[in-house]
Amino acid sequence: MATRELLSPAQRLQFTEIPHFITPRDLARYYTFSNDELRVIKQRRRPHNRLGFAVQLCYLRFPGRVWSLGEIVPESVLFYIASQLKLDPTIIREYSQRDTTRREHLADIQQEFGFLAFNTSIYKQLSKWLLPFALSSDQGMALVGALIDEMRFRKIIIPAISTVERLAWEVRHRAQKLVCVELTKNLTQLQKIALDKLLVVAPDQKLTELIWLRQPPGQANPRNFLKVVERLEFIRRLALDSGCLKRVHPNRLLQFTKIGAKSTPAHLSRLDELRRYAILVAFLIEWSASLVDYAIEMHDKMMGKLFNKSEHQHGDKFQRDGKAINEKVRLYAQIGKALISAREESDDAYQAIESVLAWSQFISSVAEAEKLARPADFDYLELLTHRYSQLRRYTPKLLETFEFKAVSASLSVIKALEVIKELNSSGRRNVPETADISFVKPRWSKHVIKGNTIDRHYYEMCALAELRSGLRSGDIWVVGSKQFQDFEDYLLTDSAWQSMSSSQTIPLAVTTDFTTYIEQRSVELTSQLAIVSSLMAENKLVDVRIENERLVITPLTNAVPKQVDEFSRKLYALLPRIKLTDLLVEVDSWTHFTRHFTHLHSGAEVEERVVLLSALLADGINLGLTRMADAIQGMSFERLAWVADWYIRDETYSKALAEVVNFHTQIPFAAYWGDGTTSSSDGQRFKAGGHRSLNEEINAKYGKDRSVVFYTHISDQYVPFHVKVINATVRDATYVLDGLLYHESDLQIQEHYTDTSGYTEQVFAMCHLLGFKFAPRMRDLPDKKLYTFESTSSDEVLSPLLGGKINVKLISESWDEILRLASSIRTGTVTASLMLRKLASYPRQNRLALALRELGRIERTLFTLEWLQSPELRRRATAGLNKGEAKHTLKRAVFFNRLGEVRDRSYEDQFYRASGLNLVVAAIVLWNTVYLEKAVDYLKQQGVDIPEEYLQHLSPLGWEHINLTGDYVWNLKQASGFDNLRPLRVKENRYR
């Protein structure tokens with residue numbers, strides 16, 4: 001029986017007991033009686049029997065089991081039940097004296113209200129019902145939870161929790177076997193032998209082939225590209241059936257893939273054959289798609305570097321020749337003046353030249369000028385030919401390994417690649433005269449076409465450059481890729497979309513009828529333009545005016561009272577001093593966030609909580625597992641690594657963060673800073689040290705150092721609720737919607753703020769469609785034109801701000817595509833960041849991208865008009881962004897080890913660093929909020945008058961009282977409970 005247990009003792013209590021702190025809403029939901037129920041209850045003659053009968057009925061509703069004889073009912077529940085019956089709750093003691101009455105009442109309740117006893121027939125029904133769910137999830141908590149919810153829905157009395165666990169275990173075991181069979185049923189004996197060989201170290205090798213395959217790609221260079229392709233070709237030679245993945249639920253597939261990515265060869269070798277082969281098949285097929293993506297990303301980066309180096313060389317050459325060119329210009333200016341003067345005075349021209357410099361020197365200067373001169377249309381493409389050899393180090397393998405497909409507009413590029421591929425295989429050097437050159441843009445034409453011949457070098461470089469652009473935009477895609485698929489493959493299938501449309505279940509926040517929608521926006525825009533025009537004419541817009549036909553918005557004045565800083569300092573002086581380790585333990589005792597870090601395979605919680613907390617802290621403070629093991633007495637790297645490998649994942653981090661965020665929103669004091677419906681997002685750069693990874697880039701805006709960016713969303717209550725590691729060169733706007741859509745907290749964000757880099761018109765459009773109010777603080781807002789539905793006269797007050805008309809026809813023609821795209825994002829079929837990146841990369845801006853831009857212009861214009869009218873909106877956005885900036889300072893203080901540099905090579909490890917940092921910061925915010933509330937309550941009890949405005953401007957981001965460094969000692973038994981907080985430092989600090 002022990003092997004069939006899925007839950008810990010604490011988890012069993014979670015399913016079978018009424019929570020001690022049940023909310024008023026849950027009290028009303030589960031324990032409110034209808035008139036019919038009250039009529040049946042009142043049929044019991046004695047008061048204590050009526051109360052006992054009602055309690056039994058309530059227990060059968062929730063938690064759904066039989067109320068045991070003598071079991072103590074939570075006080076809040078008992079009082080709520082008794083109040084409806086107008087009875088004294090203490091008489092429940094009389095009911096528990098006779099078990100026969102309790103059993104008779106139970107039988108009456110079953111008969112009267114239709115509750116069913118659990119039996120063999122129901123066991124089989126639930127087993128059949130649970131199987132589809134078990135095919136998608138392997139987590140014991142989820143399976144048992146689903147069973148119990150279904151039993152409550154069907155009014156089946158929940159049996160002993162061990163019975164429920166056994167049922168869930170058996171169904172899970174059956175589902176696991178079914179999944180494994182689907183993944184392995186087409187394997188041949190030779191393929192099985194090859195898979196087993198992956199787990200064994202060959203005599204002439206140091207690593208198993210599996211470990212070799214899982215190596216991170218490294219930085220983008222030809223050598224690493226060829227290594228990635230070598231691994232990809234190795235997997236392809238196994239000839240695994242990729243179609244098997246379509247027969248397996250994505251959740252289960254993801255789990256198998258992660259097990260394959262994390263398990264040691266020794267661990268996999270110990271598994272039974274069926275499960276071992278299933279894990280390896282799932283991992284290898286998924287990993288091959290990742291390798292395709294890595295290779296294509298490397299090509300993108302290497303082409304980018306090629307162009308950047310040529311462009312810089314072009315600029316450097318002019319800079320080096322600048323002095324000589326200037327001297328020649330000044331010299332020829334003097335000669336020109338002498339010639340003009342000679343012409344006017346009818347003097348000899350040659351003598352005029354020699355009056356400036358000797359004839360021999362003039363001849364030399366002309367020769368020097370010819371060397372300095374460049375063609376009139378010269379650009380950096382002229383220098384690319386010197387870098388052709390760098391491309392040839394990897395591009396033949398690129399064309400040989402990958403199959404490219406394209407939309408009709410880019411088929412000429414595919415034909416050109418086929419020509420180059422043929423030249424590579426045949427060894428010929430000259431491009432055939434019949435080769436397709438229609439893809440060659442005018443800028444390239446003079447380099448590609450030299451007289452009657454086609455320059456091989458430039459033809460190939462031009463084709464590869466167009467390939468890069470097409471891959472970015474989606475015009476060209478790669479067979480076997482995930483990030484570079486056909487645009488259509490990212491969206492809801494045609495059948496799913498048509499079903500959604502016909503049933504009118506499109507999950508968007510706008511009316512889906514285009515005529516109605518565009519009429520509503522037209523009326524709104526026309527109305528707002530008239531209002532702003534009138535206010536502008538009467539000079540009634542606060543801090544807004546038009547000067548010299550340009551919009552001028554006066555910056556906001558500081559609305560924070562001067563006394564707040566001093567008040568905050570004195571308040572923080574009352575907070576207890578605490579080590580960061582104790583703070584995490586204390587927050588975990590309140591929220592139990594560590595329960596979400598479950599084993600990837602079994603779903604069990606970590607037995608050694610100290611090891612888990614140490615691994616999380618190693619991420620959060622950027623210390624790393626090796627140094628964390630050294631810093632904690634009795635800790636070993638192996639224990640930390642085992643917990644990190646099997647319990648810490650992106651989804652466990654997300655759930656743990658959501659637990660802390662949700663707890664924070666329930667603290668009354670947090671409401672002083674906001675109601676949790678607004679948020680802001682911003683990127684924070686961290687220098688990248690150590691070995692280079694594919695995700696690191698140099699952004700000139702941040703200097704010459706390689707870096708990565710942690711892009712974080714923070715609520716108006718200061719708590720960070722989502723984080724993403726992004727490339728330093730990617731615009732923030734790409735990831736704005738990801739945080740709003742994919743966080744797991746209970747926050748209901750309605751309004752979101754960013755700075756200028758977080759804005760594009762397509763983000764405006766998508767935010768509106770998905771139900772978010774987007775309010776970026778744009779630095780260049782005065783330069784942005786407003787758009788209208790109708791032409792306006794030039795004598796209007798706002799005419800200097802007007803830019804043009806909305807292309808309604810374009811939006812109308814693409815309306816169905818727009819709705820399908822937004823619905824695909826809303827349903828999670830594709831991520832918002834991926835689609836926005838694709839749409840922004842279209843070199844020609846396809847119809848859908850242009851239509852979204854037009855839609856975004858409507859929303860940006862409406863937003864701008866509101867921004868001009870509302871100082872409060874401007875102040876809210878500024879305050880929201882300031883909270884994010886303050887959060888950056890705390891993160892920098894916490895993330896102090898390794899000089900604050902990110903030295904991890906893989907994206908996964910970088911993401912764990914960002915997630916650990918986010919979790920630690922959220923814990924600090926929560927702890928500070930709790931103790932700030934306690935400090936304020938203390939001061940009020942002492943008669944100190946505290947204006948509400950002061951509390952609104954407090955921040956829970958202080959850390960002077962927190963020891964972030966030093967020894968890392970965990971005292972799990974000394975954690976202060978939420979109802980027994982640490983004492984304030986009252987004796988040390990007397991508030992005056």
Side-chain angles (χ1 to χ4, degrees), residues 407-409 473-475 486-530 733 737 759-774 784-792 801-827 829-830 832 835-866:
V407 297
S408 56
S473 67
D475 279 355
D486 180 6
F487 193 89
E488 282 290 313
D489 292 341
Y490 290 113
L491 306 179
L492 288 164
T493 62
D494 283 335
S495 58
W497 172 240
Q498 294 303 327
S499 174
M500 190 179 286
S501 299
S502 59
S503 61
Q504 297 184 341
T505 56
I506 297 175
L508 300 180
V510 300
T511 178
T512 56
D513 177 70
F514 177 74
T515 301
T516 305
Y517 171 82
I518 207 68
E519 285 180 357
Q520 291 174 349
R521 304 318 281 167
S522 177
V523 169
E524 178 70 12
L525 185 53
T526 302
S527 172
Q528 290 302 313
L529 278 169
L737 276 165
Y759 140 79
T760 66
E761 284 165 340
Q762 290 173 345
V763 173
F764 262 113
M766 294 307 292
C767 282
H768 174 63
L769 293 170
L770 296 170
F772 302 107
K773 181 178 180 180
F774 186 45
K784 298 294 182 183
K785 296 296 184 180
L786 306 180
Y787 287 82
T788 61
F789 283 93
E790 302 294 339
S791 299
T792 56
L801 310 182
L802 301 180
K805 288 177 59 177
I806 301 295
N807 190 338
V808 176
K809 181 181 178 183
L810 179 59
I811 302 174
S812 174
E813 292 172 347
S814 305
W815 185 242
D816 192 68
E817 295 176 71
I818 290 172
L819 296 181
R820 183 184 176 195
L821 171 62
S823 298
S824 299
I825 292 173
R826 168 59 78 184
T827 57
T829 305
V830 65
M835 298 314 291
L836 288 172
R837 188 166 67 247
K838 290 285 183 185
L839 292 168
S841 298
Y842 272 99
R844 299 178 311 282
Q845 288 289 295
N846 74 341
R847 189 179 66 173
L848 178 57
L850 290 171
L852 271 176
R853 186 191 67 183
E854 292 298 310
L855 198 64
R857 284 175 171 175
I858 298 174
E859 301 312 316
R860 179 177 61 77
T861 299
L862 283 167
F863 158 74
T864 303
L865 295 172
E866 183 182 2

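Remark: the backbone N or O of Val523 is not paired with any side-chain donor or acceptor of Ser527 at under 3.5 angstrom. Put simply, the side chain of Trp497 never gets that close to the backbone of Leu819: no donor and acceptor are under 3.5 Å apart. Of the possible donor and acceptor atoms, one in the side chain of Ser814 sits under 3.5 Å from a partner among the backbone N and O of Leu810. Remark: the backbone N or O of Leu491 is not paired with any side-chain donor or acceptor of Thr829 at under 3.5 angstrom.
Between Phe863 and the options Tyr787, Phe772, Phe774, Phe764, a ring-ring contact (aromatic ring centres under 6.0 Å, His included) holds for only Phe764.
Sequence neighbours left out, the pairs with a member in residues 760-773 that pass salt bridge (Lys or Arg N to Asp or Glu O under 4.0 Å) are Glu751-Lys773, Glu761-Arg857, Glu761-Arg860, Lys773-Glu866.
Residues Gln520 and Thr511 meet the side-chain proximity criterion, which asks for heavy atoms closer than 4.5 Å. Side-chain atoms of Ile518 and Trp815, non-hydrogen and from C-beta on, never get closer than 4.5 Å to each other. In this structure, the side chains of Leu525 and Glu790 stay at 4.5 Å or more apart for every pair of heavy atoms. Inter-residue side-chain proximity for Leu850 and Asn807 is flagged as unmet; no heavy-atom pair is nearer than 4.5 Å. Using a 4.5 Å heavy-atom cutoff, the side chains of Ile825 and Leu836 are not in contact.
Note that CG of Leu801 is 5.5 Å distant from CG of Leu786, once rounded to the nearest 0.5 Å. For the atom pair CZ (Arg820) and OG (Ser823), the distance works out to 10.0 Å, reported to the nearest 0.5 Å. Atom-to-atom distance recorded for Thr788:OG1 and Ile858:CD1 is 10.5 Å, nearest 0.5 angstrom. The CD1 atom of Ile506 lies 11.5 Å from the OG1 atom of Thr827; values are rounded to the nearest 0.5 Å. The CD atom of Glu817 sits 11.5 Å away from the OG atom of Ser824 when rounded to the nearest 0.5 Å. To the nearest 0.5 Å, atom OG1 of residue Thr760 and atom CZ of residue Arg853 are 11.5 Å apart.
For Leu769 against Ile818, the heavy-atom pair with the smallest separation is CD1-CG2, 3.6 Å. Between Leu839 and Gln762, the shortest heavy-atom distance links the atoms CB-OE1, 3.9 Å. Closest approach of Leu770 and Arg826 over heavy atoms only: O-NH2, 2.5 Å. Minimum heavy-atom separation, Val763 to Ala733: CG2-O, 3.5 Å. Contact detail for Met500 and Pro507: the closest heavy-atom pair is SD-CD, 3.4 Å. The heavy-atom pair separating Leu737 from Met766 by the smallest distance is CD1-CB, 3.4 Å.
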Stepwise side chain to side chain contact (heavy atoms under 4.5 Å, CB included) test for Phe514 and Val808:
CA-CA 10 Å; Phe514 177 74; Val808 176; 4.0 Å; yes
Under the criterion side chain to side chain contact (heavy atoms under 4.5 Å, CB included), I'd like the reasoning laid out for Val407 against Phe487: C-alpha separation, chi angles, the key distance, then a yes or no.
CA-CA 10 Å; Val407 297; Phe487 193 89; over 6 Å; no
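Take Thr526 and apply the side chain to side chain contact (heavy atoms under 4.5 Å, CB included) test, not counting sequence neighbours, and it matches Ser522. Legend: residues meeting salt bridge (charged side-chain N to carboxylate O under 4.0 Å, His left out) with Arg521, ordered by chain and number and at least two apart, are Glu859.
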